[in-house]
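This report concerns only the one structure given below.
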There are 2 protein chains.
Amino acid sequence: MARRQASLQRAQDDDAPVGDLEGLLGYNLKRAYVILRNDFRDALGEDGFAPRVFSALSLIVQYPDITQSELARVLGIERSGLVAIVDDLEARRLVQRKPVPGDRRVQALAPTAAGIAAYDTARAAVQAHEAARLSNFTKAEQETLMQLLRKIRAVED
Amino acid sequence: MARRQASLQRAQDDDAPVGDLEGLLGYNLKRAYVILRNDFRDALGEDGFAPRVFSALSLIVQYPDITQSELARVLGIERSGLVAIVDDLEARRLVQRKPVPGDRRVQALAPTAAGIAAYDTARAAVQAHEAARLSNFTKAEQETLMQLLRKIRAVED
DNA sequence: TATTGTTATACTCTATAACTATA
DNA sequence: TATAGTTATAGAGTATAACAATA
């Protein structure tokens with residue numbers, strides 16, 4: 001604990017906190033995550049998709065007839081939380097719940113044509129904002145960062 | 001959009017989503033952040049510090065007599081949100097609000113002896129959990145990851 | 001008995017706006 | 001006029017528990 005009682009000058013320059021927090025992965029992840037989440041909202045505008053809704057739509061478009069339970073598991077959220085997300089997408093006529101022959105408990109989720117189009121538009125906007133945010137990164141740095149972030153997930157208990 | 005209608009097999013293996021989302025920084029950040037946040041809670045236990053309270057305590061311990069406004073700015077949150085955090089720390093007798101001679105609007109924040117001890121304990125626990133989470137990372141990878149995450153903040157608007 | 005989708009509920013996090021006391 | 005701290009409030013986001021229909 002040698003840095004205690006140091007000056008706050010460096011922190012006052014920018015909004016870069018100093019000291020122990022800088023050395024903690026959780027803290028650095030949180031700060032970076034908040035920046036990207038705000039970028040996301042800027043990219044999709046006032047009544048654009050919430051991040052979770054975008055992620056759900058992405059999977060429904062890419063894996064049509066995915067069920068809600070599968071979707072919840074893949075996204076790492078609760079089934080109950082998915083209801084409002086799918087309600088949202090269905091209210092916008094971007095996704096449709098369909099009965100599955102052979103198991104009447106299950107609802108398969110399929111994108112409408114409008115859903116596919118809306119997803120492509122949103123994805124392009126998000127990707128553009130991310131590219132702008134990473135404009136000071138080399139391609140190699142971008143790839144390394146993504147790879148290391150995925151590596152954290154690889155060990156998940 | 002070539003991957004559309006592909007199989008969900010890979011996603012079903014683990015909880016690793018596939019497709020477009022994997023290529024988005026925001027998504028990868030969110031997933032990694034959630035893992036580290038859960039680790040943080042495991043590290044500090046049932047009624048341990050919330051992440052924000054821990055961060056505030058960290059700065060108060062390292063920069064005693066920091067004001068609430070400075071603290072809010074450094075942490076990137078609103079002044080109003082800091083009240084409950086400092087209330088929490090003061091209720092636990094870990095931090096004290098002190099009047100500042102010369103400007104009676106300001107409250108300086110100072111850690112108590114118990115606050116310093118509690119911080120050191122908590123920090124050690126968090127660091128241990130982070131080290132465990134990163135056990136499959138080389139030292140160089142850990143350093144690269146931290147550096148790239150900080151680099152995202154460096155361009156913040 | 002177990003699973004899918006659902007509802008109800010509550011709790012955390014956080015931003016906005018307005019207030020007060022000081023400057 | 002502007003700033004520090006505060007209060008009230010509301011909106012996300014998300015987890016838990018319980019339920020009905022179905023397997």
Side-chain angles (χ1 to χ4, degrees), chain A residues 12 26-27 29-31 33-38 40-42 44 46-56 60 65-91 95-109, chain B residues 12 26-27 29-31 33-38 40-42 44 46-56 60 65-91 95-109:
Chain A
Q12 278 168 351
Y27 180 80
L29 271 175
K30 169 72 171 287
R31 296 297 296 246
Y33 160 65
V34 168
I35 292 172
L36 269 287
R37 193 198 51 192
N38 292 342
F40 181 94
R41 292 193 168 132
D42 291 346
L44 267 46
E46 199 56 35
D47 53 350
F49 299 122
R52 295 161 5 125
V53 177
F54 172 83
S55 295
I60 294 167
D65 292 348
I66 189 172
T67 68
Q68 291 192 196
S69 289
E70 282 175 327
L71 194 47
R73 185 182 42 72
V74 173
L75 289 175
I77 65 181
E78 294 296 316
R79 273 177 306 147
S80 61
L82 213 72
V83 176
I85 296 173
V86 177
D87 284 351
D88 182 355
L89 287 169
E90 210 171 30
V95 160
Q96 228 190 339
R97 286 176 167 100
K98 299 188 316 182
V100 170
D103 188 340
R104 285 189 295 173
R105 293 172 303 179
V106 182
Q107 306 262 50
L109 303 172
Chain B
Q12 278 169 349
Y27 180 79
L29 272 175
K30 169 72 171 287
R31 296 298 296 247
Y33 161 65
V34 167
I35 292 172
L36 268 288
R37 193 198 52 192
N38 292 342
F40 181 94
R41 292 195 167 131
D42 290 346
L44 266 47
E46 198 56 35
D47 53 350
F49 299 122
R52 295 163 4 126
V53 176
F54 173 83
S55 295
I60 294 167
D65 292 347
I66 189 172
T67 68
Q68 290 192 196
S69 290
E70 283 175 326
L71 194 48
R73 185 182 43 72
V74 174
L75 289 175
I77 64 181
E78 293 297 316
R79 274 177 305 148
S80 61
L82 214 71
V83 177
I85 296 173
V86 177
D87 284 350
D88 181 354
L89 288 169
E90 210 171 30
V95 161
Q96 227 190 338
R97 285 176 167 102
K98 298 189 315 180
V100 169
D103 190 338
R104 285 189 295 173
R105 292 172 304 180
V106 182
Q107 306 262 49
L109 303 172

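Keep in mind that this is a model prediction, so the values were computed, not measured. In what follows, every heavy atom counts, from backbone to side chain, and hydrogens, waters and symmetry copies are set aside.
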Whole angstrom value for the distance that separates P of C:dT22 from CD of B:Q107: 11 Å
Nucleotide nearest B:R105 (side chain, heavy atoms from C-beta), chosen from C:dA23, C:dC13, C:dT4: C:dA23
Between P of D:dG5 and CD of B:Q68, the distance in whole Å: 5 Å
Closest-nucleotide 5' rank along DNA chain C - winner of A:V86 and B:R104: A:V86
Heavy-atom side-chain proximity of B:F49 to B:L89 below 4.5 angstrom: yes
Touch class at under 4.0 angstrom, heavy-atom based, for A:R97 against every strand present: sugar-phosphate
Sugar-phosphate, base or nothing in reach of B:V83, heavy atoms under 4.0 Å: base
Sub-4.5 Å side-chain heavy-atom contact between B:L75 and B:I85: no
Phosphate OP1/OP2 of C:dA17: any B:S80 side-chain N/O under 4.0 Å: no
Closest to the B:R79 side chain, choosing from C:dA15, C:dT4, D:dT6: D:dT6
Among B:R79, B:R73, B:R97, the one residue meeting side chain to side chain donor-acceptor pair (under 3.5 Å) with B:Q68: B:R97
Between C:dG5 (C1') and A:E90 (CD): distance, integer Å: 13 Å
Phosphate-side-chain proximity, A:R41 and C:dA15, N/O vs OP1/OP2 below 4.0 Å: no
Whether A:Y33 and B:Y33 hold their rings parallel, tilted or perpendicular, with breakpoints at 30° and 60°: parallel
Length of the CZ-C1' vector between B:R73 and D:dG5, whole Å: 16 Å
Separation of atom CG in A:L82 from atom P in C:dT3, rounded to whole Å: 18 Å
Toward the 5' end of DNA chain D, by each residue's nearest nucleotide, A:Y33 or B:D87: B:D87
Listed nucleotide nearest any side-chain atom of B:A50, set C:dC13, C:dT22, D:dA23: C:dC13
Heavy-atom closest contact (A:A72 atom, A:L82 atom, distance): N-CD2, 3.9 Å
Sugar-phosphate, base or nothing in reach of A:E78, heavy atoms under 4.0 Å: base
Rounded distance in Å - CG (A:N38) to P (D:dG13): 12 Å
Nearest to side-chain heavy atoms of B:P51, which nucleotide of C:dC13, C:dT22, C:dG5: C:dC13
Rounded interatomic separation in angstrom, taking CD1 from A:I66 and C1' from C:dT4: 14 Å
Distance, rounded to the nearest Å, where B:I77 contributes CD1 and C:dA15 contributes C1': 11 Å
